[in-house]
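Report on one structure; see the data block that follows.
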Amino acid sequence: MGWIQIILGLLVIIVSISSLSRFYSAGFFLHNDDICRHFYGFKDVYEGIDVRALTARVEEVLNKMERLQDKLESTVQQMEKSKEDLHKTHISRFEYKKFLEDEVIRPLYSAHIALRQIRLPRIEENENGTLIEHPLINNFVIEEIRKYISPKENRVGKTNIYGTRKIYNTIGHACVVMKKELEEYMEYDIGSYCKDDWNLAQKLMIHGCDPLPRRRCLTRASKLYLNPYAINESLWRIPDGRNVRWSNYQCRNFECLSSKNPRRGYSKCTGCFEMEKEKLKWVTNTSFAIDFLIKDVLQIKPGEIRIGLDFGVGTGTFAARMREQNVTIVSTALNLGAPFNEMIALRGLIPLYATLNQRLPFFDNTLDLIHTAGFMDGWIDLQLMDFILFDWDRILRPGGLLWIDRFFCQRKDLDDYMYMFLQFRYRKHKWSIAPKSKDEVYLSALLEKPPRSL
């Protein structure tokens, strides 16, 4: 059995040499000013290089190799102690093959793959010749994530229509914090069906892992999907429930989503799935001064309101009413316990699957109207609200209208929120405050963005 000891000893030497050669090729054992400056300084993150993430990945591989080496050395020592028993023992080729596969080859292969996946910093062919590393690469183990966030060079080697030589795919910075969930989301067989995990994707988005990476798997749809209703009837008719995947909701049909059902699974916008109630919104006079009518709003800018955004929680009723006035509205929606996105789309309207976290995907000064109701209320942090309002100001054109619809907050916080809305010096067309309860108030306003000639 002495030759077994020789083989195991050689494997230990090979593992050690392969590890050392990898770091030698990277310049770690040469006098390299860039390497020394970036890896032996005091900072954790340098220009273009996340040293902390890189160090963690290197240590992970070294630990795997160290465990393998310890296991092989321990096996050799046990053989040395029982030489006489080894001469008497007859090991079959199958047992010997299984030992090599389980105890040597698999751990060695795992360490080898992990070592290859580490993206060591390299000098790019750019004007400065600076040492850079593509961000976040070494934070993730799942190869599909690493492939996605790696920049893709143009095949022809020339500048593309965007004026760049590479395309950079993006993910939200909080994806690093939610590494476990993102790796679960991105673990699939390429070309096969995706898991029915839209709720995991939404959880990632809401917690700041937004935008999510694209996936190379086929999305699932309802097995019983039917053609949607024609546009002349789809606006005010509950869609066919067979066109929705219900597996991640408490309800299994639209009837279950009634506001009368305490187990409907959602709390925002109760009654949104009841068309008889929805038909009354924005077209019927109420006893509250805070309820503006669509016809009154459009009369302020006759013929000028053509496209807009409805930022809130709902099933698209505001967009449906505006469509009847030949105005195109995009409705933001999240599936917070109910299929809001599917409902909007099946009504023949446009859902925008977006969270509060992200910059809106519209160019500057392009929208005629922004309407918000039922979502941004007194729970929102003032600084976050400031960022959101400035983003709305960015996409709203000069002369465009900002419609604040039934915003509510604590009475003691009203002055703070009023300042947030008024800081842009918009022209007031409508402004109304009404009590909601003893300690809460409603605020509705219709404001016009002024021209800016700078």
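In this text, all values refer to a predicted model and were calculated from it rather than measured experimentally. Hydrogens, waters and symmetry mates are skipped; everything else that's a heavy atom, side chains included, is used.
Partners of Tyr442 according to the ring pair (Phe, Tyr, Trp, His ring centres under 6.0 Å) rule, which considers only residues two or more places apart in sequence or in another chain, do not exist here. With sequence neighbours excluded, no residue satisfies disulfide (SG to SG under 2.5 Å) with Cys409. Scored by the side chain to side chain donor-acceptor pair (under 3.5 Å) test, Thr317 finds Glu278, Arg347 as partners (sequence neighbours excluded). Checked against side chain to side chain donor-acceptor pair (under 3.5 Å), Glu233 has the following partners two or more places apart in sequence or in another chain: Arg237. Qualifying ring pair (Phe, Tyr, Trp, His ring centres under 6.0 Å) partners for Tyr188, counting only residues two or more places apart in sequence or in other chains: none. Partners of Lys152 according to the salt bridge (charged side-chain N to carboxylate O under 4.0 Å, His left out) rule, which considers only residues two or more places apart in sequence or in another chain, do not exist here. Shown here are the side-chain contact (heavy atoms from CB on, under 4.5 Å) partners of Leu218, two or more places apart in sequence or in another chain: Tyr193. Contacts of Tyr185 classified as ring pair (Phe, Tyr, Trp, His ring centres under 6.0 Å), with partners at least two apart in sequence or in another chain: none. Thr164 is linked by a side chain to side chain donor-acceptor pair (under 3.5 Å) to Asn160, counting only residues two or more places apart in sequence or in another chain.
Relative to the ring axis of Phe318, Arg321 does not place its NZ or CZ within 45° and under 6.0 Å from the centre.
Note on Glu448 versus Lys428: no salt bridge recorded, every NZ/NE/NH1/NH2 to OD/OE distance being 4.0 Å or above. At a threshold of 4.0 Å, the pair Arg215-Asp197 counts as salt-bridged, since one of the basic side-chain nitrogens sits closer than that to a carboxylate oxygen. The residues Arg216 and Glu144 are annotated as salt-bridged, a charged nitrogen and a carboxylate oxygen being separated by less than 4.0 angstrom.
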Determine all donor-acceptor pairs shorter than 3.5 Å in which one atom belongs to a side chain in residues 389-397; sequence neighbours excluded.
residue: Asp391; atom: OD1; partner: Arg394; partner atom: NE; Å: 2.8
residue: Asp391; atom: OD1; partner: Arg394; partner atom: NH2; Å: 2.9
residue: Asp391; atom: OD2; partner: Leu360; partner atom: N; Å: 2.9
residue: Asp393; atom: OD1; partner: Tyr426; partner atom: OH; Å: 2.5
residue: Asp393; atom: OD1; partner: Arg452; partner atom: NH1; Å: 3.2
residue: Asp393; atom: OD1; partner: Arg452; partner atom: NH2; Å: 2.9
residue: Asp393; atom: OD2; partner: Arg452; partner atom: NH1; Å: 2.7
residue: Arg394; atom: NH1; partner: Phe362; partner atom: O; Å: 2.7
residue: Arg394; atom: NH1; partner: Asp364; partner atom: OD1; Å: 3.0
residue: Arg394; atom: NH2; partner: Leu360; partner atom: O; Å: 3.0
residue: Arg394; atom: NH2; partner: Phe362; partner atom: O; Å: 3.4
residue: Arg397; atom: NE; partner: Asp368; partner atom: OD1; Å: 2.4
residue: Arg397; atom: NH2; partner: Glu304; partner atom: O; Å: 3.3

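Summarising the geometry, atom CH2 belonging to Trp282 is positioned 14.5 Å from atom CG belonging to Asp296; distances are rounded to the nearest 0.5 Å.
Among residue pairs with one or both ends in residues 402-411, those qualifying as salt bridge (charged side-chain N to carboxylate O under 4.0 Å, His left out) are Asp291-Arg406; sequence neighbours excluded. Legend: salt bridge (charged side-chain N to carboxylate O under 4.0 Å, His left out) pairs involving residues 432-447, not counting sequence neighbours, sorted by first then second residue: Lys436-Glu440.
A 6.0 Å sphere centred on NZ of Lys203 holds no more than 12 heavy atoms belonging to other residues, nucleotides or ligands.
A side-chain donor from one of Asp196 and Ser247 sits under 3.5 Å from a side-chain acceptor of the other.
The closest donor-acceptor contact from the side chain of Asp189 to the backbone of Ser192 lies at 3.5 Å or more, if one exists at all. Checking side-chain atoms of Asn365 against main-chain N and O of Pro398 turns up no donor-acceptor pair under 3.5 Å.
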